[in-house]
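Below, read A as the first sequence line, B as the second, and so on, with proteins coming before strands; counting in each chain starts at 1.
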Amino acid sequence: MDCSFLRSHGAVRDTAPLIQCLTNKVVSNISANALLAIGASPAMVDTPGESRSFAQTASGVLINCGTPNNEQYIGMREAIAGATTAGNPWVLDPVGAGGLHERTEFMHEVLLQRPTAIRGNASEIIALAGTGVGGRGVESTDGVEAALEPALKLSRETGAIIGVSGPTDLIVQAGESPRAISLESGHPMLQKVIGTGCSLGAICTAYLAAWEDPFAAIIAAHAHVGVAGSVAAEKSTAPGSFAVAWLDALHELSPAAIEKRISASEIADLAGLA
Amino acid sequence: MDCSFLRSHGAVRDTAPLIQCLTNKVVSNISANALLAIGASPAMVDTPGESRSFAQTASGVLINCGTPNNEQYIGMREAIAGATTAGNPWVLDPVGAGGLHERTEFMHEVLLQRPTAIRGNASEIIALAGTGVGGRGVESTDGVEAALEPALKLSRETGAIIGVSGPTDLIVQAGESPRAISLESGHPMLQKVIGTGCSLGAICTAYLAAWEDPFAAIIAAHAHVGVAGSVAAEKSTAPGSFAVAWLDALHELSPAAIEKRISASEIADLAGLA
Amino acid sequence: MDCSFLRSHGAVRDTAPLIQCLTNKVVSNISANALLAIGASPAMVDTPGESRSFAQTASGVLINCGTPNNEQYIGMREAIAGATTAGNPWVLDPVGAGGLHERTEFMHEVLLQRPTAIRGNASEIIALAGTGVGGRGVESTDGVEAALEPALKLSRETGAIIGVSGPTDLIVQAGESPRAISLESGHPMLQKVIGTGCSLGAICTAYLAAWEDPFAAIIAAHAHVGVAGSVAAEKSTAPGSFAVAWLDALHELSPAAIEKRISASEIADLAGLA
């Protein structure tokens with residue numbers, strides 16, 4: 001299919017969007033480095049009292065529920081309010097949705113604020129759509145294909161673009177002309193490094209901040225992260241050096257190099273689902 | 001001595017135990033990556049309200065007191081209760097025991113819940129056993145040999161296997177037939193990378209979750225981590241690249257390769273001590 | 001100019017100062033590894049109830065305001081009080097000063113306790129001196145040269161040595177014989193790895209703890225970190241492998257190797273400014 005969505009790649013480098021990440025403590029370092037690698041600027045501001053005003057001046061906000069606590073929940077509510085007021089994009093990464101009750105309640109609360117995009121694995125998206133039982137920790141136990149209908153439902157209800165990560169990625173947008181893209185770009189080694197998925201959430205936010213078409217932005221973000229994984233896997237078969245090579249590849253990849261390594265196809269028949 | 005304890009190595013890969021880590025913010029990333037590298041599945045869930053039920057479904061729980069705060073103390077109490085209810089193994093890593101009063105009190109409180117294993121450096125184990133004055137921060141200032149008697153005392157009082165890390169590791173189990181193993185496997189460079197010891201605590205938990213004999217599991221965990229250090233030290237003499245090589249080696253090492261590089265010996269004469 | 005300030009380099013290795021870091025969660029890992037790499041000993045103790053007494057036994061304290069929360073603010077106040085009572089050096093890294101109101105208020109509060117040194121980028125130093133409007137997140141938007149007068153003002157008011165990081169570093173000391181050093185040592189790639197600046201704050205603290213002359217200590221710390229960046233940039237042009245090479249270089253660099261790669265010059269005419 002047409003890869004014009006990759007034009008957003010250069011827009012990230014050209015505009016260096018400032019991305020406020022309210023994310024989990026396990027991945028804050030790699031997420032910040034991933035944002036720097038693609039040319040964005042990270043700011044991990046999640047303190048209550050600071051988060052709202054910062055979100056108004058930032059280019060976009062990531063809400064990642066990996067290790068929430070009471071103070072961070074407050075900061076997250078503030079940041080979402082700030083982004084909404086300013087008309088800035090924000091992304092929800094629903095880590096652990098379904099299996100963990102308290103954070104799942106929080107996610108349902110903030111879904112009402114209409115995130116620009118939601119990025120998760122199949123189990124999380126299915127759980128959030130209310131059509132499954134959730135994952136096992138942060139792993140995905142459901143296949144990506146099983147997430148198509150729940151993703152369409154979630155997109156319809158929230159207005160968000162939905163990105164489902166897995167062996168094949170799925171990017172879904174409901175609405176009058178619903179669309180779903182199936183994207184092949186990644187490598188299984190990405191599962192062996194903590195934070196590659198959470199970094200993808202941050203990178204989605206940067207692409208949304210830099211590019212007007214949110215559907216294209218989310219596809220391009222997934223393609224960038226996935227191809228960096230397949231490039232890294234050619235350099236290393238062990239997770240320590242793979243992680244280093246992945247960050248290097250995020251930095252070095254051109255849109256042309258990404259285009260060569262992906263296979264994206266439109267899922268045609270959504271009529272019965274959407 | 002007989003290295004049959006290394007059979008637990010394959011059991012971790014085969015069962016991919018889900019290890020809930022309530023650990024310090026400095027090492028959460030490397031600990032999660034270390035768990036992934038050995039074939040386990042990390043979940044860094046420490047939020048109050050979520051920690052108890054998660055510990056009931058997880059395969060094992062790590063309690064590491066490196067940077068505790070009030071919310072995490074609550075989460076830790078919940079997780080220990082959940083693991084205990086479900087009969088799941090849990091490990092205490094008593095970072096900073098002795099030198100830091102508040103966390104040492106917390107450790108003494110949770111010792112009553114009878115951890116499956118306790119893993120620390122000599123100073124921490126000695127302090128926890130009430131027979132020393134504690135370390136200097138997270139460093140060990142006491143020799144491993146000085147920890148033998150305190151480790152036996154601590155094991156007798158709590159029922160836990162005790163792992164003492166140092167130039168030589170010591171693994172101790174009190175009871176009717178008390179045992180103590182002296183293990184040579186590591187490399188001094190492991191001291192130059194933050195979180196290798198804390199990752200060992202997480203890896204001990206994974207081995208306990210995957211293998212029935214807890215004494216064998218703790219020996220094998222120490223051997224795996226230590227040999228990965230000696231393999232990495234052959235590739236690098238500086239800490240940045242050493243850390244990368246250590247994660248790679250955790251992933252790549254076979255039980256046969258580990259067996260070739262360790263020297264384990266039973267400490268024979270425990271009668272006067274235990 | 002005379003590079004005798006580099007004698008402090010060996011003093012860090014010889015004395016292995018214990019550095020208590022109350023720092024942000026994004027960089028705690030790399031900061032601890034950076035301290036280990038230069039021969040210091042990190043302890044990331046920031047829990048209220050523990051922080052004051054620990055600061056009295058530690059060799060020095062770092063206060064980094066990157067991701068503060070209410071508990072950490074309490075821990076920071078305690079640690080500053082402990083360091084002050086014991087006469088130990090402490091360093092303020094004013095991350096986000098100016099742009100973020102709550103933490104800027106906290107910084108102004110603790111400035112009254114007279115830090116031994118303050119290390120930040122130009123925007124942060126200018127904002128803290130009350131002569132500018134602050135940065136954009138954690139980036140510097142002001143040039144280093146614009147920070148000379150504000151740095152002198154801040155040094156005069158607080159008694160602290162001021163370190164301003166940028167393409168050229170600026171180290172400033174007010175007083176009866178005010179001094180300002182312009183130091184060329186770094187590499188732009190340092191900006192592409194999160195936490196190199198925050199690690200510099202930790203390394204400044206280690207140098208202060210190991211060396212009597214605080215002005216020399218701060219210059220040497222900047223030189224060490226900067227030259228490690230230029231060495232790493234010769235090995236790698238992408239951020240993942242650059243970060244690894246930077247930690248390696250921190251560990252491997254000798255004072256002689258540092259001296260060969262820096263250019264330090266006294267800024268002569270301070271009369272009108274100081």
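- Heavy-atom proximity under 4.5 angstrom to chain A picks out B:Val244, B:Leu247, B:Asp248, B:His251, B:Glu252 from residues 243-261 of chain B.
- Between B:Glu50 and A:Arg103 the shortest side-chain heavy-atom distance falls below 4.5 Å.
- Interatomic distance, A:Asn70 CG to B:Asn70 CG, rounded to the nearest 0.5 Å: 12.0 Å.
- Residues satisfying the side-chain contact (heavy atoms from CB on, under 4.5 Å) test with B:Ser185, not counting sequence neighbours, are B:Asp169, B:Leu183, B:Val227, B:Ile262.
- Of the two parts of B:Gln20, neither the backbone nor the side chain holds a non-hydrogen atom closer than 4.5 Å to a non-hydrogen atom of chain A.
- Inter-residue side-chain proximity for A:Ile194 and B:Pro42 is flagged as met; some heavy-atom pair is nearer than 4.5 Å.
- The local environment of NE2 in A:His108 is crowded, with over 12 non-hydrogen atoms from other residues, nucleotides or ligands closer than 6.0 Å.
- With a 4.5 Å cut-off on non-hydrogen atoms, B:Thr47 touches chain A through its backbone and its side chain both.
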### Task
Report the C-alpha separation of B:Asn29 and A:Asn29 in whole Å, then their side-chain angles, then the decisive distance to 0.1 Å, and conclude whether the side-chain contact (heavy atoms from CB on, under 4.5 Å) test is met.
CA-CA 8 Å; B:Asn29 184 274; A:Asn29 184 273; 5.7 Å; no
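- The residue from B:Asn24, B:Asp46, B:Thr67 that alone fulfils the side-chain hydrogen bond (donor to acceptor under 3.5 Å, both in side chains) condition with A:Lys25 is B:Asp46.
- Using a 4.5 Å heavy-atom cutoff, the side chains of B:Leu36 and A:Val193 are not in contact.
- Note: A:Ser241 leads A:Ser241, A:Gly66, A:Ser28 in heavy-atom pairs under 4.5 Å with chain B.
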